[in-house]
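Notes to accompany the following structure.
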Protein chains: 2
Amino acid sequence: MARPRKYDHDEVVEKMTLAFWERGYNGISMDDIGRITQLNRGSIYNAFGDKRALYLLALETYAQQSYGGAAQLVQDAPSTEMAVRSLYQAAFKGLSGEQTRWGCLLCNAAVEVAPVDQEVSDTVKKYLGLLSRAFVTSLKVSSPEASDASRVKNVAEQLTASYVGFNIMARAGVSTACLQRVSESAIDMTLVKQ
Amino acid sequence: MARPRKYDHDEVVEKMTLAFWERGYNGISMDDIGRITQLNRGSIYNAFGDKRALYLLALETYAQQSYGGAAQLVQDAPSTEMAVRSLYQAAFKGLSGEQTRWGCLLCNAAVEVAPVDQEVSDTVKKYLGLLSRAFVTSLKVSSPEASDASRVKNVAEQLTASYVGFNIMARAGVSTACLQRVSESAIDMTLVKQ
DNA sequence: TGAGTTATTGACTGTTCGGTCAACAAACAT
DNA sequence: ATGTTTGTTGACCGAACAGTCAATAACTCA
């Protein structure tokens with residue numbers, strides 16, 4: 001019925017996710033987007049709307065994969081200790097090669113975009129909340145006898161905050177040794193019995 | 001010998017620190033700077049060099065006050081518990097009114113500027129390191145009998161990561177209740193004995 | 001084959017960006 | 001008074017910015 005696209009929609013989103021992740025929203029121009037996707041301006045606007053819409057799409061895609069995956073990982077682990085262990089193991093795998101200084105797109109969005117874009121702010125809160133709830137679930141299973149619900153929630157949110165801090169520090173260029181210590185102490189945190 | 005300045009140098013830096021803190025490096029234009037400081041472009045360039053130099057000055061000033069102050073606070077506290085308590089008490093004081101969504105300029109710089117500016121990256125690492133070392137000092141004093149040096153270092157860096165995460169979450173617009181839980185669990189962390 | 005629909009192309013727009021500069025003003029020393 | 005030095009003013013610059021659009025191309029269906 002009409003002319004078909006000559007590019008893969010998801011592939012474009014994937015490429016732009018990586019670009020926004022590395023350089024941020026303001027670090028990528030429409031010219032950059034054209035170069036990266038090998039698409040002309042018109043095609044981009046025709047397919048995605050505008051720069052902000054493309055960013056929102058990239059952010060949602062990333063968060064779904066990264067935080068959705070992490071939450072699943074945490075909930076499926078046999079214990080909270082193992083959950084945090086595999087969470088940071090995955091994080092370190094991502095922090096290799098050229099991505100060493102990228103941090104986490106959602107955390108970066110929290111700083112650069114969330115304060116001036118309600119929708120981004122909502123997305124950030126949604127996926128941080130998802131991770132926190134996964135920790136709560138894991139903690140309840142891991143030590144059902146353990147302390148009251150309020151303490152469980154506190155620890156869960158501490159683990160989330162610490163994970164966010166970890167990613168920011170990675171983006172700042174903090175040494176791998178230091179990041180390793182942060183992850184180790186996060187694991188230790190789950191071993192504490194009251 | 002020459003014409004005197006008609007403005008206060010430190011006052012200008014102070015104003016620009018607040019502006020960069022709220023809106024980020026890319027969120028402030030030279031026109032904004034002119035409006036905020038009530039100075040003409042020429043005066044700004046004459047006095048500070050360029051936008052980057054002014055940002056570096058604002059960042060260093062902020063970090064000195066905020067992280068230098070925090071490190072002092074932590075080291076002077078009678079125990080690590082009290083140290084973390086007063087650190088977050090101070091943080092919450094800053095998170096009131098219009099500054100609720102500002103987070104921390106150093107953490108914001110880590111995300112937005114550090115990856116593309118070595119000097120900013122160095123400043124961020126320097127002051128995060130300062131805070132971590134203050135925690136180490138406090139932990140050693142607070143529980144001298146306690147576990148080995150490596151564990152102390154781990155906990156110290158965990159407290160730093162968690163403080164960074166706290167600030168990012170504040171900027172993202174996470175609820176005060178949630179931030180309160182993060183601070184409470186950070187305090188709890190210091191009470192753990194092995 | 002041609003009508004209808006959607007994608008592609010790349011030039012174009014007006015705006016905003018960081019930064020420069022020549023003219024001018026205000027101070028002090030002689 | 002006059003020279004020297006430094007600060008101030010605001011117009012100006014080229015580059016980069018996000019976004020638009022008319023012309024054209026590729027496809028399906030009748």
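Heavy atoms only: backbone and side chains are in, while hydrogens, waters and symmetry mates are out. Model, not experiment: these values are computed from the prediction.
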- Item | Distance test, side-chain N/O of B/Asn40 to OP1/OP2 of D/dG10, below 4.0 Å | yes
- Query: Can you check the B/Asn46 CG to D/dG10 P distance for me, whole Å?
  - Reply: 16 Å
- Could you walk me through whether A/Ser150 and A/Asp148 pass the side-chain hydrogen bond (donor to acceptor under 3.5 Å, both in side chains) check? CA-CA 5 Å; A/Ser150 111; A/Asp148 56 307; 3.2 Å; yes
- Task: For D/dC17, take OP1 and OP2 only and decide whether either is under 4.0 Å from a side-chain N or O of A/Ser29.
- Result: yes
- Message: Does anything in residues 5-17 of chain A come within less than 4.0 Å of DNA chain C? Heavy atoms only, and list the residues if so.
- Response: A/Arg5, A/Lys6, A/Tyr7
- Item | Spacing of B/Gln38 atom CD relative to D/dG7 atom C1', expressed in whole Å | 17 Å
- Query: How long is the line joining CZ of A/Phe48 and P of D/dA18, in whole Å?
  - Reply: 16 Å
- Ring centre gap for A/Phe166 and A/Tyr88 strictly below 6.0 Å: yes
- Item | From A/Tyr25 atom OH to A/Asn108 atom CG, the distance as rounded to the nearest 0.5 Å | 15.5 Å
- Whole Å only: how far is the CG atom of A/Asn26 from the C1' atom of D/dA16? 13 Å
- Task: Walking along DNA chain C from 5' to 3', note the first and the last nucleotide with an atom under 4.0 Å from a heavy atom of chain B, and give both.
- Result: C/dC17 to C/dC28
- Message: Would you call the rings of B/Tyr7 and B/Phe48 parallel, tilted or perpendicular, taking 30° and 60° as the class edges?
- Response: tilted
- B/Ile33 CD1 to D/dG10 P, in whole Å, measures 18 Å
- Task: Using a 4.0 Å cut-off on protein heavy atoms (strictly under), produce a 5'-to-3' string for nucleotides 20-30 of chain D with B for base contact, S for backbone-only sugar-phosphate contact, and - for none.
- Result: BB---BBBS--
